[in-house]
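A short worksheet on the structure shown next.
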Amino acid sequence: MTESTGQLGPNFIRNIIDEELAANKHDTVVTRFPPEPNGYLHIGHAKSICLNFGLAAHYGGRCHLRFDDTNPIKEEQEYIDAIKADLSWLGFDWGQHEYYASNYFETLYGYAERLVEKGLAYVCELTAEQIREYRGNLIEPGRPSPYRARPVEENLDLLRRMRAGEFPDGSHVLRAKIDMAAPNLNLRDPVLYRILHASHHRTGSDWCIYPMYDFAHGQSDSIEGITHSICTLEFEDHRPLYDWLCEAIGIYHPRQIEFARLNLTYTVMSKRRLLELVNEKHVSGWDDPRMPTLSGMRRRGFTPGAIRTFCDRIGVGKSDSVIDMSVLEDCVREELDTTAPRAMGVLRPLKVTITNYPEDQAEEFTVPRHPKNPDMGRRTIPFSREIYIERDDFMEEPPKKFFRLGPGREVRLRYGYIIRCDEVIKDPVSGEVIELRCSYDPETAGGKLPEGRKKVKGIIHWVSAAHGIPVEVRVYDRLFNVANPAGDKQCDYREHLNPESLGVLTDCLVEPGLVGAQPGEVFQFERLGYFCIDRDDTAHKRVFNRVVTLRDTWAKLSANNLNR
RNA sequence: AGGGGCGUGGCCAAGUGGUAAGGCACCGGAUUUUGAUUCCGGCAUUCCCAGGUUCGAACCCUGGCGCCCCUGCCA
């Protein structure tokens, strides 16, 4: 069992378990993470995973991985493999406890016959539409199916013939006999088994009847000895059925506890919408770095530790909540700040010629890989007459408090010399600034400041023109431009897609020390943010993803000034 | 004859009758060869509202109000 990096804080579920333990209701805690293999895991699943595995770890129990594979039409092996990979990546180990609801099909069927024999279930021949009509609605009670009073023997015969494949899809279902007038619609004789002549990804053609969620989930929990079956709020209405079925069948009865699912600002979390984003090509795939999927976040450069910290930090409750994306970003920055080696990279290059630096000269600065962690060692960065700096670090008419480069101004090149901007060269046609001609002060190498020389406030990053490696950098912004895209009843969530969520910068330059870096490696480009090498990276075309920017007080300040 | 849940600062969240933790965000300020990091300080006389019980209420009681979920042979 892998421990989460953070702490699973106190929450109402822990309080419940503490009380039960104090009352000697259990001697161990067994939880489970039960995905349906019909899609990819997202950050919402991570919350459930951290909760279930976290509780098991906290109480010294265990957590099972169980695939809820009761609907062969929607499920595939591909998803099982992807889910396992994501779970491992997140840092959780389910050991030998890998289970499948489909492994219990025979047992489940036995439970069904038992219910029939007890007179608690019957075979119904109403069509799906008729069943809906008979069910009534939110304020009117339902009516009993004409097949409700069928004798036990007839039900048993019919159920066996359903299993034997004598009937076509949709012709018969097995229903629990509960209460057609129950205020909780789930209790109005819910369907337990349906006929589906479909091949199952694990059981092939062994079965043509498949149990519904309500007749598989709790039963699987029971079979595995799950003590606490933790699910999301929308299943609260199913709990009475969960309980009824365990009692009716007469099996061990786990306790279902519901918590609020995760919502994050500026993204969507439902499988349906995520699938639409992929199918309609609004993103490049499930692992598009803008997606809230674990595979997307992995490709983006988010770390498992940051996601675990996030899940621990947001807590677990029962009130519908929307967590601000900044919480996640903070977790990512917190981890990467301590682990990412520093480097210099220029995203939007502006050429600078150091006019008083000899043309045939070059030198190397040896500098730390990390400002606070000497154990990470040192690196060398070449310096020469021509360098590139960030366009944003020069302004022809600098506003107040801008302490970077401008005509006649001085800045320090990080780890290098102080330079002064003597001349601004513009494109004669467009008027665009295309080059800065500067002079350097040889006395200021490596942070030195000669007696009496005024300290410069601005420090900017740079890359030597002759030595830099050209790279492509993909900069990501929020996928949607409103905080709650799915919450707008006026229009479709897709109308809130941020057209600028992906920016591709093709003229970037990074320091030559990064030649050998491999896909997945993360660096901090000083003053800019964290960047990881994408899996599209090749020797001919190096590709970085921007994981997240650094906090930018200047950007905030100038934005505030603009608003005034 | 509707039922089930939930309301603590901008966003989360602890708190379970003894006088409102923490994080994110935000606002100051110090240190800094990253406008980063770090560090210090500020940020709810009040817990959806109104009554009541109590020496004492976010916690207990009553009555309102608001929001979410439920009418698949999906999970």
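Protein chains get the first letters and strands the later ones, always in sequence-line order, with residue 1 at the start of each.
For the ring-ring contact (aromatic ring centres under 6.0 Å, His included) test with A:F67, the passing option among A:Y100, A:Y104, A:Y99 is A:Y100; the others fail.
Relative ring orientation between A:F480 and A:Y493 is described as tilted, the plane-to-plane angle lying within the 30° to 60° band. Using the six-membered ring where Trp is involved, A:F365 and A:F383 have ring planes that are tilted, between 30° and 60° apart. Ring-plane geometry between A:W207 and A:Y109 is classed as tilted, the angle between the planes lying from 30 to 60 degrees on a 0 to 90 degree scale.
Rounded to a whole angstrom, the distance from the P atom of B:U16 to that of B:G28 is 36 Å. Annotation: B:G18 and B:U46 have their C1' atoms spaced 16 Å apart (nearest Å). Taking atom P on both B:C26 and B:C68, the two are 29 Å apart, rounded to the nearest angstrom. B:A30 and B:A36 are spaced 16 Å apart, taking the C1' atom of each and rounding to whole Å. Distance noted for atom C1' between B:U54 and B:C60: 10 Å (whole Å). Comparing B:C61 with B:C6, their P atoms sit 14 Å apart, to the nearest whole Å. When the P atom is used for both B:G9 and B:C47, the distance is 10 Å, rounded to whole Å. For the P atom pair drawn from B:G2 and B:C11, the interatomic distance equals 34 Å after rounding to whole Å.
A:S319 has no side-chain polar atom (N or O) that falls below the 4.0 Å cut-off from OP1 or OP2 of B:C12. Within the structure, a side-chain polar atom (N or O) of A:K556 is placed less than 4.0 Å from OP1 or OP2 of B:C26. Using a 4.0 Å cut-off, some side-chain N or O of A:R132 falls inside it from OP1 or OP2 of B:G72. Side-chain N/O atoms of A:N263 include none lying less than 4.0 angstrom from OP1 or OP2 on B:C12. Distances shorter than 4.0 Å separate some side-chain N or O of A:R135 from OP1 or OP2 on B:C73. Considering only side-chain N and O atoms, A:R527 lies under 4.0 angstrom from the phosphate OP1 or OP2 of B:G35. The side chain of A:T553 contributes an N or O atom lying less than 4.0 Å from OP1 or OP2 of B:A36. In this structure, A:R194 reaches the B:A75 phosphate: one of its side-chain N or O atoms is under 4.0 Å from OP1 or OP2.
Base engagement by A:V173 is indicated by at least one non-hydrogen atom pair under 4.0 Å involving a base atom. Looking at heavy-atom distances under 4.0 Å, A:A555 makes no contact with the nucleic acid at all. Across all strands shown, A:L126 has heavy atoms under 4.0 Å from base atoms, whether or not it also approaches the sugar-phosphate. Among the heavy atoms of the strands, none lies under 4.0 Å from A:E329. Looking at heavy-atom distances under 4.0 Å, A:F235 makes contact with a base. A:K372 comes within contact range of at least one nucleobase, with a heavy-atom separation under 4.0 Å. Nucleic acid contact class of A:P371 (heavy atoms, under 4.0 Å, all strands): base. Among the atoms of the strands shown, base atoms are found under 4.0 Å from some heavy atom of A:D237. Counting non-hydrogen atoms under 4.0 angstrom, A:N71 reaches the backbone sugars and phosphates but no base. Using a 4.0 Å heavy-atom criterion, one finds that A:D214 contacts no nucleic acid atom at all. At the heavy-atom level, A:I73 lies nowhere under 4.0 Å from the strands shown. Across all strands, A:F402 comes closer than 4.0 Å to base atoms (heavy-atom distances). Among the atoms of the strands shown, base atoms are found under 4.0 Å from some heavy atom of A:H238. Residue-level contact check: A:T127 touches the bases, meaning some heavy atom is under 4.0 Å from a base atom.
Summary of the strand contacts: A:L413 and A:A260 both lie near RNA chain B, and taking for each the nucleotide with the nearest heavy atom, the more 5' one is attributed to A:A260. Both A:N184 and A:H217 sit near RNA chain B, but only A:N184 has its closest nucleotide nearer the 5' end.
B:C73 atom P lies 19 Å from atom CG of A:L158, rounded to whole Å. Distance A:R272 CZ to B:A75 P: 18 Å, rounded to the nearest Å. Between the CG atom of A:N137 and the P atom of B:C70 there is a distance of 15 Å, given to the nearest Å. B:C6 atom P lies 15 Å from atom CD of A:E234, rounded to whole Å. Atom CG in A:L328 sits about 12 Å away from atom P in B:A25, given to the nearest Å. The separation between A:L185 atom CG and B:G5 atom P is 16 Å, rounded to whole Å. Summarising the geometry, the separation between NZ on A:K457 and C1' on B:U32 is reported as 10 Å, rounded to the nearest angstrom. Here B:G22 presents its C1' atom at 15 Å from CG of A:N11, a figure rounded to the nearest Å.
Applying the 3.5 Å distance criterion, the base of B:U71 shares no donor-acceptor pair with the side chain of A:E140. Contact annotation: side chain of A:R188 to base of B:U71, donor-acceptor pair absent below 3.5 Å.
Under the Watson-Crick or G-U wobble criterion, with both distances below 3.5 Å, B:G63 is paired with B:C49. In this structure, B:U31 makes no Watson-Crick or G-U wobble pair, since no nucleotide meets both defining distances under 3.5 angstrom. As the counterpart of B:A14, no nucleotide is assigned, since no Watson-Crick or G-U wobble pattern has both distances under 3.5 Å. B:U71 is unpaired under the criterion used here, namely a Watson-Crick or G-U wobble arrangement in which both key atom distances are under 3.5 Å.
For A:L550, taking side-chain heavy atoms from C-beta onward, the closest of the listed nucleotides B:A36, B:C12, B:A1 is B:A36. Among the nucleotides B:C24, B:G35, B:A14, the one closest to the side chain of A:V327 is B:C24. The side chain of A:R313 approaches B:C24 more closely than any other nucleotide in the set B:G35, B:A75, B:C24. Listed nucleotides: B:U71, B:A14, B:G35. Nearest to the side chain of A:L557: B:G35. Of the candidate nucleotides B:G35, B:C73, B:A14, B:A14 has the atom nearest to the side chain of A:P10.
Between A:R202 and A:E76 no salt bridge is recorded (no basic side-chain N to carboxylate O distance below 4.0 Å). Salt bridge present: A:R255 and A:E20 bring a charged side-chain N and a carboxylate O closer than 4.0 Å. Between A:R420 and A:D441 there is no salt bridge, since no side-chain N of the basic residue sits under 4.0 Å from a carboxylate O of the acidic one.
For A:Q130 (side chain) and A:T127 (main-chain N/O), a donor-acceptor pair under 3.5 Å exists by modelled atom type.
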Passes side-chain contact (heavy atoms from CB on, under 4.5 Å), A:F310 versus A:D330? Steps please.
CA-CA 9 Å; A:F310 171 76; A:D330 182 72; over 6 Å; no

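Evaluation of A:Y213 against the base of B:A75 yields no stacking contact (centre distance < 5.5 Å, interplanar angle < 30° required).
A distance of 11.0 Å separates OG1 in A:T303 from CE in A:M297, rounded to the nearest 0.5 Å.
Classification of B:G72 as syn follows from a glycosidic angle within 90° of 0.
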